[in-house]
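First comes the structure, then the notes that go with it.
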Amino acid sequence: MEDICNKSEENLDSFRLLKSHNKLDASIHCAYYAAYLFSIYSLCKNFGYTLNNIEANTRGKDTHFYVRNELSNKIGVNSRLDSNDFNKYIKALKKLRKLADYTNIRITNNQADFAEKNVDNLFNLINTKYI
């Protein structure tokens with residue numbers, strides 16, 4: 001499971017490196033995947049999921065939706081406010097990733113800063129309460 005955490009941290013480091021070199025579209029991709037992988041890590045580390053369990057429950061389905069939904073529900077048992085915040089952060093990152101990866105629109109510095117705020121908030125929330 002530590003490998004998932006390490007991959008998440010590598011994506012977060014890549015986000016910051018790419019952003020600092022003004023490679024904003026690629027940086028957004030890394031910010032989203034850092035958050036997504038960290039969400040998987042939280043499900044496994046704190047809530048008893050396994051990668052095999054996640055894979056079995058998502059065959060033919062949207063794994064990203066499943067992970068987001070499962071973690072949101074687990075967090076929501078403890079705090080509806082935390083669940084709302086988690087959803088706000090991950091959805092903002094996913095929206096920016098779709099914009100960066102699948103459109104002809106370029107990511108701006110303001111959008112990259114917004115992504116950084118959201119990924120930092122998501123990591124802080126999960127690190128302090130759900131790991």
Can you give me the closest heavy-atom contact between A112 and F15, atom names plus distance? O-CZ, 3.9 Å
What heavy-atom pair brings K19 and D113 nearest, and what distance separates the two atoms? NZ-OD1, 2.8 Å
So F47 and Y130, would you call those rings parallel, tilted or perpendicular, with 30° and 60° as cut-offs? parallel
Within the 4.5 Å heavy-atom criterion, are [X] and [Y] side-chain neighbours or not?
| X | Y | result |
| --- | --- | --- |
| M1 | L51 | yes |
| T108 | Q111 | yes |
| L71 | F86 | yes |
| H29 | D25 | no |

Quick one: salt bridge (charged side-chain N to carboxylate O under 4.0 Å, His left out) partners of D13, sequence neighbours excluded? none
For I107, the rest of its hydrophobic cluster, which grows through side-chain links under 4.5 angstrom: L24, I28, L96, L99, I105, F114
Residues Y49 and N57: side-chain donor-acceptor under 3.5 angstrom: no
Decide whether D101 and Y32 meet the rule of one side-chain donor and one side-chain acceptor closer than 3.5 Å. no
Other residues, nucleotides and ligands only: do more than 12 of their heavy atoms fall within 6.0 Å of NZ on K94? yes
Passing option when V67 is tested against I40, I90, D62 for side-chain contact (heavy atoms from CB on, under 4.5 Å): I40
[X]-[Y] co-clustered via ILVMFWY side chain contacts under 4.5 Å:
| X | Y | result |
| --- | --- | --- |
| L93 | L18 | no |
| L17 | V119 | no |
| F65 | Y41 | no |

Do any N or O atoms from the side chain of [X] and from the backbone of [Y] form a donor-acceptor pair under 3.5 angstrom?
| X | Y | answer |
| --- | --- | --- |
| S8 | A34 | yes |
| S39 | A35 | yes |
| T58 | K61 | no |

Assess the residue pair Y36 and N11 against the criterion (side-chain hydrogen bond (donor to acceptor under 3.5 Å, both in side chains)); give the C-alpha distance rounded to whole Å, side-chain angles, the decisive distance to 0.1 Å, and a yes or no. CA-CA 10 Å; Y36 171 69; N11 272 283; over 6 Å; no
Give the C-alpha distance, both sets of side-chain angles, the deciding distance and a yes or no for side chain to side chain contact (heavy atoms under 4.5 Å, CB included) between E9 and N6. CA-CA 5 Å; E9 290 172 359; N6 290 336; 4.0 Å; yes
